[in-house]
Amino acid sequence: MSAPIATISSIGKYEGQSVTLRGWLYNMRASGKLLFPIFRDGTGTIQGIVPKAQVGDEIFETIKSLSQESSVIVTGKVRADSRAPSGYELDVENIEVVQRVPTDEPFPISLKEHGTDFLMQHRHLWIRTPRQSAILRVRATIMRAAQEYFDTNGFTRTDPPILTPNACEGTSELFEMDYFDDEKAYLTQSGQLYIESTALALGKVYSFGPTFRAEKSKTRRHLTEFWMIEPEVAFAGLDDIMALAENFLTHIVHRVLEFNSQDLKVIGKDVAKLEAIQTPFPRISYDEAHAMLEQAYKEGKIEHPHTYGDDFGSPDETYISNQFDRPVMVHRYPAAVKAFYMEPDPQDPTKALCLDVLAPEGYGEIIGGSQRVSSYDLLKSRIEAHNLPLEAFQWYLDLRKYGSVPHAGFGMGIERVVAWVCGLEHVRETIPFARTLNRIYP
RNA sequence: UCCGCAGUAGCUCAAUGGCAGAGCAUUCGGCUGUUAACCGAAGGGUUGUAGGUUCGAGUCCUACCUGCGGAGCCA
């Protein structure tokens, strides 16, 4: 096989030439002495044409007996064909079988429908299917675009530790483990407190890594292990990070539109909804959002009334986000329902200088952030009021002792963004191997 | 933790309390342009587990197990 090695996604440039593809048999149809094997190589799929009269008995029988997902090295001539979905077909000339899938134990993921449990139990194989591969490519673009945005806007990446000595916020359920002989360690649930310190060292920073929540949530929006990207900016306030959040999200969506149009097509996402994502994003205060919900309840559009002062529930967030065609930024929640480190609004100290970004189409909160308390005394009293161990937060208080400045940041959950951008039912499809309440296999 | 739904062939699902079924997958046969191809045939079952009601339970009752969806909490 002396033909050049090609990939399916860029096979068009070899039209009329013989090429070698390395991949797997995705599916095969047959019509008497004519075979239609479909090959995939991780970049796409292409249909091969195998007429018995032209390839000879040996090659014909070799291909005819191939089972789904057998690995092959196949050589053939690239031919443009209007009947092919991708525009090209491969007139097979030769094939080398790398490994034959045994027919008494065929590839489990057939092309028919499967249930969630079965697919998740075979996630290591499920990711070979075109839709799942497309989602993982979109995820990769989103992660790359997110880093690219910060890297090209003066941010320095500073990753916080994954093993932490205590609860960052003192609220969420944490995964606990032994740390050598007589200490406990916890998997990080947010790197925020740590990047506040790197922000005061480097100015504009971000972190990007896995985050763990041991909460027993089982909804389409929750994973116990998920990836979060968090910027933190010194000398910045709420307005600054609201502007940052909308520019950041817009950049990400544009990059996906630029690089993944074919994947979005496979996934079945309406691209027009993504093209509508442009700055500025609508901004509403908590009070305005509450008024919206009150009106909606009067009109019978939501089931339960929203109590002023409470955080928004999932159905509330869905209703609010459905009123807009792009992400909506809700700001200035009551301080009482938010974390202890959030700066009070000088105009109304009962409110926090915070924001939630709610994705369109009911995908919920994709970004949460705030301006941080910069006063030593206020932060200390907040820690005490929340019954948090002061000694554990001593280093955090130091940031307010040695050159404290106003600073702000947010965290964005990658999986929820992928789910929103792709239009998926569930975040478990947005990560190669989802960790959920009832599943840690494979 | 609470509320709801489900569990039958490798997979997706049927079966009024009365003989355990179909499609896909697999094997064999047919078909030279198929698009989750199609046509014919074959093999494939401890109906999640344990108990109970009944002449008779996949079906009704109880408990448990597993999974799914939602709430709360969060990104």
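Below, chain A is the first sequence line, B the second, and so on; all start at residue 1. All values below were derived from every heavy atom in this structure, side-chain atoms included, with hydrogens, water molecules and symmetry-related copies excluded.
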Picking from [options], which would you name as closest to the side chain of [X]?
X	options	value
A:K112	B:A75, B:U32, B:C24	B:C24
A:R416	B:U27, B:C73, B:A75	B:A75
A:S31	B:C68, B:U32, B:G72	B:U32
A:E215	B:C73, B:U34, B:A25	B:C73
A:K33	B:C31, B:U26, B:C74	B:C31
A:D117	B:G67, B:G10, B:A75	B:G67
A:E89	B:G10, B:G33, B:G69	B:G33
A:T219	B:G72, B:C24, B:G69	B:G72
A:P315	B:G72, B:C74, B:G33	B:G72
A:S110	B:U32, B:U12, B:C24	B:C24

Exercise for review: Measure from the ring centre of A:F36 to the centre of the six-membered ring in the base of B:G33, then say whether that distance is under 5.5 Å and the planes meet at under 30°.
Suggested key: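 No, A:F36 does not stack on the base of B:G33, since the centre distance and plane angle fail the 5.5 Å and 30° test.
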Side-chain donor-acceptor pair present, [X], [Y], cut-off under 3.5 Å:
X	Y	answer
A:H407	A:Q371	no
A:R100	A:S65	yes
A:E230	A:S190	yes

For [X], which contact category applies under a 4.0 Å heavy-atom criterion: base, sugar-phosphate, or nothing?
X	value
A:R131	nothing
A:D104	nothing
A:E113	base
A:L35	nothing
A:D311	sugar-phosphate
A:H426	sugar-phosphate
A:A30	base
A:E415	nothing
A:E225	nothing
A:K216	base
A:S217	base

[atom1] atom, [N] versus [M]: distance in rounded Å?
N	M	atom1	value
B:A25	B:G18	P	32 Å
B:C24	B:G44	C1'	14 Å
B:U35	B:C19	P	39 Å
B:U46	B:U8	P	12 Å
B:A57	B:G51	C1'	14 Å
B:U1	B:G43	C1'	48 Å
B:C60	B:A14	P	14 Å
B:U47	B:G21	P	14 Å

Partner nucleotide, any strand, of [N] [Watson-Crick/G-U, under 3.5 Å]:
N	value
B:G43	none
B:C24	B:G10
B:C2	B:G70
B:U49	B:A63
B:G17	none

Quick one: is [N] close enough that its OP1 or OP2 comes under 4.0 Å of any side-chain N or O from [X]?
X	N	value
A:R220	B:A71	no
A:N438	B:C68	yes
A:R221	B:A71	yes
A:S314	B:A71	yes
A:H222	B:G70	no

Is the distance between the ring centroids of [Y] and [X] under 6.0 Å?
X	Y	value
A:F226	A:F212	no
A:Y333	A:F312	yes
A:Y308	A:Y286	yes
A:W227	A:F208	yes

Point to revise | Gap between atoms NZ and P, on A:K218 and B:A6 respectively (whole Å) | key: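 Distance, rounded to whole Å: 15 Å.
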Review point. A:H114 NE2 to B:A6 P: how many Å, rounded?
Key: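 Result: 23 Å.
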**Study point:** Given RNA chain B, 5'-ward residue of the pair A:P85 and A:G364, judged by closest heavy atom
**Key:**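 Looking at the nearest nucleotide for each, A:P85 comes out on the 5' side.
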Exercise for review: For A:L223 and for A:G313, locate the closest nucleotide of RNA chain B by heavy-atom distance; then report the residue assigned to the nucleotide nearer the 5' terminus.
Suggested key: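 Its nearest nucleotide being more 5', the pick is A:G313.
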Check your understanding: Are more than 12 heavy atoms from other residues, nucleotides or ligands located less than 6.0 Å from atom NZ of A:K77?
Key ->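 For A:K77, atom NZ is not crowded (no more than 12 foreign heavy atoms under 6.0 Å).
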**Study point:** Least distance between heavy atoms, A:G44 atom then A:I8 atom
**Key:**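 Nearest heavy atoms, A:G44 then A:I8: O-CD1, 3.3 Å.
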Check your understanding: Do A:Q47 side-chain and B:U34 base share a donor-acceptor contact under 3.5 Å?
Key ->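 Present.
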